[in-house]
Protein chains: 2
Amino acid sequence: MVTKQLGGSADDGDVRRADSLAREIFSDVANKWALLIIEALGERTLRFGGLRDEIEGISHKMLTQNLRMLERNGLVERTVHPVVPPRVEYTLTGPGRALRVTIDGLCDWTHRHLGHIEASRHRFDG
Amino acid sequence: MVTKQLGGSADDGDVRRADSLAREIFSDVANKWALLIIEALGERTLRFGGLRDEIEGISHKMLTQNLRMLERNGLVERTVHPVVPPRVEYTLTGPGRALRVTIDGLCDWTHRHLGHIEASRHRFDG
DNA sequence: CAGGATCCCCACCGATACTG
DNA sequence: CAGTATCGGTGGGGATCCTG
């Protein structure tokens, strides 16, 4: 399970609530576009257009949608510069950067096992 | 980007192919149910029903579908015991267990930042 | 018990057009 | 340039029934 079972707590309600919250967050974060956005941001500050250029295949809509979600969860900071034309910049927050580290691990894993996976697929499909 | 840019390679084709493959794997793996299945399996061996009981809210269909996908990618091993009633067991493979480590990191991250996220959401929604 | 097959609905997502 | 709104198609995913 996502949440550790903490044994007999005085009040199970808190555990339950934290559990469902964890699941919710998990659903938000364990999504292709969200992960790619965080990975694309890295340590940089990027504008909306910059992000779109960086993430191949993402649509305008998915980008805004996921950026809002990440901002809501406090993983991305959105700063609007009151100029014309508008200039909006996105940066990872502390928690966002922490998450990025684990995503890096996921990327590393992917590359380390590319060969194994490709071979396994070939075997399976045949 | 998911794939590191390796600078001017002799043949860009290989890089491109590996890149798209990496994206494909990423899409397979960066999905809520797949991650929960891998996390549920852990070091244990579980049967189909056991997995269904373990993963709250997963449907029959999603479980089979994701198990097939994980098997195809060589992350879980499926062993069928020729008895009646059927007995099918699932275990993580080496790469699967390696992936599990990074997913553990993701779970840890989630729990460490529950508070921050909840607060941020509240701020955002208000 | 494991898991395919089918039906069906809803949510995701892309495309497009419009505002500040 | 950044962002919202709307519409329509496609596929995700649940419920159910059926087989070995």
Side-chain angles (χ1 to χ4, degrees), chain A residues 2 20 23-38 40-41 44-73 75-92 124-125, chain B residues 20 23-41 44-73 75-92 124-125:
Chain A
V2 171
S20 81
R23 275 293 272 273
E24 217 180 299
I25 295 170
F26 209 73
S27 300
D28 273 1
V29 160
N31 124 15
K32 177 186 172 182
W33 292 129
L35 295 186
L36 287 175
I37 288 173
I38 292 172
L41 271 177
R44 309 180 270 180
T45 288
L46 284 177
R47 299 177 56 179
F48 186 88
L51 273 168
R52 198 199 11 212
D53 294 345
E54 201 69 18
I55 303 172
E56 184 183 304
I58 197 169
S59 71
H60 187 97
K61 190 178 181 179
M62 285 302 97
L63 183 53
T64 39
Q65 210 165 88
N66 279 278
L67 280 173
R68 286 298 156 275
M69 181 272 287
L70 291 173
E71 184 191 1
R72 180 171 113 93
N73 287 325
L75 306 189
V76 166
E77 190 183 5
R78 175 170 176 272
T79 60
V80 183
H81 296 81
V83 297
V84 35
R87 178 184 189 87
V88 181
E89 297 184 326
Y90 294 93
T91 323
L92 291 183
F124 189 93
D125 294 341
Chain B
S20 81
R23 275 292 271 272
E24 218 179 298
I25 295 171
F26 208 74
S27 301
D28 273 1
V29 160
N31 124 16
K32 176 187 175 183
W33 293 129
L35 295 185
L36 287 175
I37 289 173
I38 292 173
E39 192 63 14
L41 271 176
R44 308 179 274 179
T45 287
L46 283 178
R47 300 176 58 181
F48 186 87
L51 273 168
R52 192 182 353 104
D53 294 344
E54 202 68 19
I55 304 171
E56 183 182 304
I58 196 169
S59 70
H60 187 97
K61 189 178 180 179
M62 284 303 96
L63 183 52
T64 40
Q65 207 167 91
N66 280 277
L67 280 173
R68 289 297 158 275
M69 180 273 287
L70 292 173
E71 185 191 1
R72 181 171 112 92
N73 286 325
L75 306 188
V76 303
E77 190 183 2
R78 176 170 175 271
T79 61
V80 183
H81 296 80
V83 296
V84 37
R87 179 185 187 84
V88 182
E89 298 184 326
Y90 294 93
T91 324
L92 290 183
F124 189 93
D125 294 341

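Fair warning: this is a prediction, and the values are worked out from it, not measured in the lab.
The interatomic distance linking Phe48(B) (CZ) with dG4(C) (P) rounds to 9 Å, in whole Å. Taking atom CG of residue Leu51(A) and atom P of nucleotide dG3(D), one finds them 10 Å apart after rounding to whole Å. Atom CZ of Arg78(B) and atom C1' of dG3(C) are 8 Å apart (whole Å). The interatomic distance linking Asn31(B) (CG) with dC12(C) (C1') rounds to 14 Å, in whole Å. When rounded to the nearest whole Å, the span between CE of Met69(A) and P of dT4(D) equals 15 Å. For the pair Gln65(A) CD and dC12(C) C1', the computed distance is 8 Å after rounding to whole Å. Counting to the nearest Å, the P atom of dA2(D) and the CD atom of Glu71(A) are 15 Å from each other. In this entry the distance linking CD1 of Ile37(B) with C1' of dG13(D) reads 14 Å, nearest Å.
Tested against Arg78(A) for a side-chain contact (heavy atoms from CB on, under 4.5 Å), the candidates Val88(A), Leu67(A), Thr91(A) yield a single pass: Val88(A). When the options Leu92(B), Ile25(B), Val29(B) are evaluated for a side-chain contact (heavy atoms from CB on, under 4.5 Å) with Leu75(B), the one that passes is Val29(B). Here the rule is side-chain contact (heavy atoms from CB on, under 4.5 Å) with Leu41(A), and of Ile55(A), Leu36(A), Leu70(A), Leu46(A) only Leu46(A) fits it.
The two atoms that bring Arg23(B) and Glu56(A) nearest to each other are NH2-O, 2.6 Å, heavy atoms only. Scanning both residues, Ala34(A) and Asn66(A), for their nearest heavy atoms gives N-OD1, 3.8 Å.
Residue Arg52(A) has no polar side-chain atom (N or O) positioned under 4.0 Å from OP1 or OP2 of dC1(D). An OP1 or OP2 oxygen of dA2(D) is reached within less than 4.0 angstrom by a side-chain nitrogen or oxygen of Arg47(A).
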Query raised in the report: Could you write nucleotides 14-20 of chain C as a row of B, S and -, 5' to 3', where a protein heavy atom under 4.0 Å of any base atom gives B, of only sugar-phosphate atoms gives S, and otherwise -?
Result: BB----B
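Rounded to the nearest 0.5 angstrom, Arg52(A) CZ and Ile37(A) CD1 are separated by 12.5 Å.
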